[in-house]
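Working notes, beginning with the structure itself.
Letters go in sequence order (proteins before strands), and every chain restarts at 1.
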There are 2 protein chains.
Amino acid sequence: MATLSDVAARAGVSVSAVSRVLSNAPETRVSEETRDRIRRAARDLGYRPNSAGRALRSARSNVVALIVPDLMNALFVELVRGVEDAAIDQDYLVLMGRTEDIEPGGERAHKLLGEGRVDALLLQPGDKPLPLESLGGFANSRPVIRLNSVGEDEPGSATMPDEVGARVATRHLIDLGHERIAFANGISESYTAERRARGFRAAMGAAGITVDEALVTAYGYTPSDGERAAAQLLAATPRPTAIFVANVNAAVGLLAYARKAGVQVPRDLAVVALHDSWTAANTWPPLTTVTMPSYELGRRAFDEVHRRILGEEPSNIRVDDPPPRLIVRESTVPLR
Amino acid sequence: MATLSDVAARAGVSVSAVSRVLSNAPETRVSEETRDRIRRAARDLGYRPNSAGRALRSARSNVVALIVPDLMNALFVELVRGVEDAAIDQDYLVLMGRTEDIEPGGERAHKLLGEGRVDALLLQPGDKPLPLESLGGFANSRPVIRLNSVGEDEPGSATMPDEVGARVATRHLIDLGHERIAFANGISESYTAERRARGFRAAMGAAGITVDEALVTAYGYTPSDGERAAAQLLAATPRPTAIFVANVNAAVGLLAYARKAGVQVPRDLAVVALHDSWTAANTWPPLTTVTMPSYELGRRAFDEVHRRILGEEPSNIRVDDPPPRLIVRESTVPLR
DNA sequence: TTGAAAGCGCTAACAC
DNA sequence: GTGTTAGCGCTTTCAA
């Protein structure tokens, strides 16, 4: 691999001149002619900066870590893409990891966060809150932003319009004539679950419908959580005619359970879920969902940590554009 | 962050002594007593090696890249886990990326592969072959291993027992009494598709059943490829009574199409798919699948690149333990 | 406008 | 058994 001094030799200039030109130092006067010679030499040699040299010198790696609960989750595809797109614009690379990689005190956590490998952390730990202290001091020296997993006022938060999304979904069921509407939410420790509950209750209240607390569950966001919710909700009497599921993965499990229990969706039961993913289009029946601005959350969150890496003041992110949007498929029909 | 010389100062020894002790240099004589002092000082200071310094000095980053087609794909969960588990054992970190990140000549590809950031590449580009030349010379200087995506004899290949898996799946349908068996395969450029086809044909041949070429498709491994396959296969007359789908994601799409077309699985059509994933348990009906040793592939592939990083001779990996195993769910029943 | 040189944290060859 | 030192590739201050 060609180094700076290889380029310098070939261009007949000093390494510092090459460095200034190739790293686009903002305030630097280099004649157009040397500039050209340097650029040409670099191109001829296929020069690429050595990341270790640069990182060592500048105490910055130009890498951020993005941690999500699991990578198999179609929900995070858009988020990841948003972060990556914003990162590459600033010449940054994204190191992806799973929540289990940063289990407090674990060897992976140290390797990932403790060796100067990443300049900042974008964290979406799942529905169980993960305190900053468990990051082994990382949060004291580097920016950490928590993606839709803490309260909107907590420092370093980036949040999505969960409440609006929940309202849109619930409103859809109400518009279809449903009144006996169940709500399969995430666990109550989770901030997203809290916000989604607010949206659900707001929509119900606005329509003058009293929420039957027996029709509200709080098991979580996985398919098996959805099954448990279904088991409980479908046993209620009278049975709900519609369910709003706070997460599309849970909805997949819920649908599977309903099927087994002989409950026909959408004829006997309308189902709408928050978040969209490819799985939603491939369930039977295809799921009506509400999309959330995950891509935007990713972009904005990266931009925020980048600002902070540059030493600017932290500010909290609230993404509400584009707004949650209903995608009607076949799991919801008007109440008979 | 504490550095080596901080530790040295605190322990009252030289940096080289500290380096020798903390990096476990194999052949080094340091008295037990200094060793202890150094370890204690390091612990007190919370010392962690700086990755940039180490990488610059040793021309090695202790990071490997793992590229898969997309991270939303539940298929790769076990593979990723296998690679990560093997990596951490050797003090390595895994940088995950998607095939689109290394689009030839793209900026991300250069940042990822061209700046000395990774010591090796584990590549599973999807079903379209990706020539090594498009890696911008990376393959000339660093180990690259291709995960179940090239022929078994190609240098740097790591392959799964696709043929056996396909045989197990097909055999299952035959055992249930089916004879008019369709095969929804991946695209024909793909080596996995070729191997799966071999397994399918072997099982059919062994049972003395002639393959009806009208019942063989080659669209690919995504849900929409599965839909296309279903559209063609369900239009055949007489209709097949069973389908072996070469990929579980395609099977999800195929199932959705069958549903829409009013074909009842498993009563009218038995479906078995290769690979298992959480989605398979949540389709309707739940899919009968054949698991593949993805976790093992990940582990073995990492171990192989690690050997090569250490300068040992390349060898090809064939994983066949544990062998493919049938998981009977509800999408297959005996022929009426 | 350009160059010389120091030094980021680490390892390893060499000296004692 | 332990210490000294050079140098990996880069950026940046300072001098010319």
Side-chain angles (χ1 to χ4, degrees), chain A residues 1-39 41-42 45-63 91 111 114-117 119 141 309-310, chain B residues 1-39 41-42 45-63 91 111 114-119 141 310:
Chain A
M1 290 231 322
T3 72
L4 262 196
S5 68
D6 294 337
V7 177
R10 185 168 231 264
V13 294
S14 71
V15 287
S16 51
V18 179
S19 171
R20 282 189 285 250
V21 170
L22 295 184
S23 55
N24 301 306
E27 283 301 312
T28 197
R29 275 169 296 272
V30 181
S31 71
E32 264 316 316
E33 198 228 311
T34 12
R35 219 175 261 276
D36 270 5
R37 271 221 313 286
I38 290 172
R39 291 234 180 77
L45 266 50
Y47 171 78
R48 284 255 120 199
N50 175 292
S51 62
R54 192 174 263 190
L56 183 56
R57 173 63 223 222
S58 59
R60 216 172 266 167
S61 63
N62 272 39
V63 176
D91 216 34
K111 274 203 91 58
E115 304 183 353
R117 240 178 266 268
D119 296 342
S141 56
I309 288 168
L310 266 29
Chain B
M1 290 232 321
T3 71
L4 263 195
S5 66
D6 295 336
V7 177
R10 184 170 232 265
V13 295
S14 72
V15 288
S16 55
V18 179
S19 170
R20 284 188 285 247
V21 170
L22 296 183
S23 56
N24 301 307
E27 282 302 312
T28 196
R29 275 168 294 271
V30 180
S31 72
E32 265 316 315
E33 197 229 313
T34 20
R35 220 176 261 277
D36 270 3
R37 272 223 312 288
I38 290 172
R39 290 234 181 78
L45 267 51
Y47 172 78
R48 284 255 120 199
N50 176 291
S51 62
R54 192 174 262 188
L56 181 56
R57 173 63 224 227
S58 60
R60 216 172 265 168
S61 63
N62 273 40
V63 176
D91 216 36
K111 274 202 92 57
E115 305 184 352
R117 240 177 267 269
V118 304
D119 296 342
S141 55
L310 265 29

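- Rounded to an integer number of Å, the gap from A:E32 CD to C:dT1 C1' is 13 Å.
- In this structure, the CD1 atom of B:I38 is 14 Å from the P atom of C:dC10, given to the nearest Å.
- The CG atom of B:L56 sits 12.5 Å away from the CZ atom of A:R57 when rounded to the nearest 0.5 Å.
- The side chain of A:S5 places no N or O atom within less than 4.0 Å of a non-bridging phosphate oxygen (OP1 or OP2) of D:dG9.
- Put simply, CE on B:M1 is 12 Å from C1' on C:dC10, counting in whole angstrom units.
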Query raised in the report: Between B:D91 and A:K111, is a side chain to side chain contact (heavy atoms under 4.5 Å, CB included) present by the stated rule, with each step listed?
Result: CA-CA 8 Å; B:D91 216 36; A:K111 274 203 91 58; 3.6 Å; yes
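- D:dG7 atom C1' lies 15 Å from atom CZ of A:R57, rounded to whole Å.
- One interatomic measurement links the two molecules: CG of B:L56 to C1' of C:dG7, which rounds to 12 Å at whole-angstrom precision.
- Atom CD1 of A:I38 and atom OG of A:S19 lie 9.5 Å apart (nearest 0.5 Å).
- The side chain of B:S16 lies closest to C:dA12 when the candidates are D:dG1, C:dG3, C:dA12.
- With D:dC14, C:dT11, D:dC10 as the candidates, the nucleotide lying closest to the side chain of A:R20 is D:dC14.
- When the P atom of C:dT1 is taken as reference, atom CZ of A:R35 falls 9 Å away, rounded to whole Å.
- Between B:V15 and A:L4, the residue whose closest nucleotide on DNA chain D is further toward the 5' end is B:V15.
- When distances are taken from the side chain of A:Y47 to each of D:dC8, D:dC10, C:dG3, the shortest belongs to D:dC10.
- Across all strands, A:A59 comes closer than 4.0 Å to no nucleic acid atom at all (heavy-atom distances).
- With D:dG3, C:dC10, C:dA5 as the candidates, the nucleotide lying closest to the side chain of B:V13 is D:dG3.
- Counting to the nearest Å, the P atom of C:dG9 and the CG atom of B:D6 are 8 Å from each other.
- The side chain of A:S19 approaches D:dT12 more closely than any other nucleotide in the set D:dG9, D:dG3, D:dT12.
- Closest approach of B:G116 to B:S61, counting heavy atoms only: O-CB, 3.9 Å.
- A:N62 CG to A:I309 CD1: the interatomic distance, rounded to the nearest 0.5 Å, is 8.0 Å.
- Contact between the side-chain N/O atoms of A:S14 and the OP1/OP2 oxygens of C:dG3 is found at a separation under 4.0 Å.
- With rounding to whole Å, B:D36 atom CG is found 14 Å from D:dG1 atom P.
- Of the side-chain N and O atoms in B:S58, none sit less than 4.0 angstrom from OP1 or OP2 of C:dT11.
- A:R54 has a side-chain polar atom (N or O) that falls below the 4.0 Å cut-off from OP1 or OP2 of D:dT11.
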